[in-house]
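What follows is a set of notes on a single structure, which appears directly below.
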Amino acid sequence: GENVANLRHLYVEPWARGLGIGQALVAECIAFARAAGYARMQLWTHSVLLSARRIYAAAGMHVVKTEVHHAFGKPEEGEIWEMTL
């Protein structure tokens with residue numbers, strides 16, 4: 001809603017990491033959202049996922065909110081990232 005594209009799940013198999021696949025997938029998602037006319041893109045991730053966070057930052061996204069949650073059995077810091085398209 002609210003003209004916001006939501007990147008829900010992005011996973012690269014461990015054997016394929018470091019090959020630029022995650023970066024290419026994020027770029028494709030952003031391009032699709034722009035072409036579809038969305039005003040913003042948003043995603044939710046965890047602060048411990050350093051490689052993913054680097055990809056999002058390089059794509060122009062930034063953290064707009066952090067919050068500790070217990071959805072996976074132990075406290076984790078979740079982050080909401082966003083960018084204007």
Side-chain angles (χ1 to χ4, degrees):
E2 300 179 21
N3 206 21
V4 177
N6 196 348
L7 178 53
R8 294 290 307 260
H9 297 282
L10 181 71
Y11 179 79
V12 177
E13 291 286 345
W15 61 266
R17 293 177 186 164
L19 301 174
I21 295 169
Q23 186 175 8
L25 287 170
V26 170
E28 283 295 320
C29 291
I30 292 169
F32 173 84
R34 281 188 174 127
Y38 286 98
R40 293 180 295 138
M41 176 172 268
Q42 189 176 75
L43 64 85
W44 179 64
T45 191
H46 290 103
S47 61
V48 297
L49 300 175
L50 301 179
S51 295
R53 294 174 83 247
R54 280 192 291 272
I55 291 170
Y56 305 142
M61 301 188 85
H62 61 280
V63 177
V64 295
K65 183 179 179 183
T66 62
E67 186 172 78
V68 175
H69 66 87
H70 299 83
F72 302 110
K74 64 177 185 149
E76 292 281 351
E77 183 178 55
E79 299 176 332
I80 296 176
W81 289 63
E82 193 172 280
M83 72 183 301
T84 300
L85 299 170

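Computed from heavy atoms alone, side chains included, the values below leave out hydrogens, waters and symmetry copies. For the single chain, residues carry numbers from 1 onward in sequence order.
The shortest heavy-atom contact between Asn3 and Gly37 is OD1-O, 3.4 Å. Here the closest non-hydrogen pair linking Cys29 and Leu7 is SG-CD1, 3.6 Å.
There is no path of hydrophobic side-chain contacts, each under 4.5 Å, that joins Ile55 to Ile80. Using a 4.5 Å cut-off between side-chain heavy atoms of Ile, Leu, Val, Met, Phe, Trp and Tyr, with links allowed through other members, Phe32 and Leu43 fall into different hydrophobic clusters. Val48 and Leu50 fall into different hydrophobic clusters, where Ile, Leu, Val, Met, Phe, Trp and Tyr side chains are chained together by heavy-atom contacts under 4.5 Å. A continuous path of Ile, Leu, Val, Met, Phe, Trp and Tyr side chains, each step under 4.5 Å between heavy atoms, connects Val63 with Tyr56, placing both in one hydrophobic cluster. At a threshold of 4.5 Å between side-chain heavy atoms, the hydrophobic network of Ile, Leu, Val, Met, Phe, Trp and Tyr places Ile21 and Met61 in one connected group.
The side chain to side chain donor-acceptor pair (under 3.5 Å) pairs that include a residue from residues 42-54 are Gln42-Glu82, His46-His69, Ser47-Glu77, Ser51-Arg54, Arg53-Glu79, where partners are two or more places apart or lie in different chains.
Here CD of Glu76 is found 8.0 Å from CG of Leu49. Values are rounded to the nearest 0.5 Å. Taking NE2 of His62 as the start and OG1 of Thr84 as the end, the distance is 7.0 Å to the nearest 0.5 Å. Rounding to the nearest 0.5 Å places CG of Leu25 at 10.5 Å from CD of Gln23.
In this view, Ala59 and Val26, Ile30 satisfy the side chain to side chain contact (heavy atoms under 4.5 Å, CB included) rule, not counting sequence neighbours.
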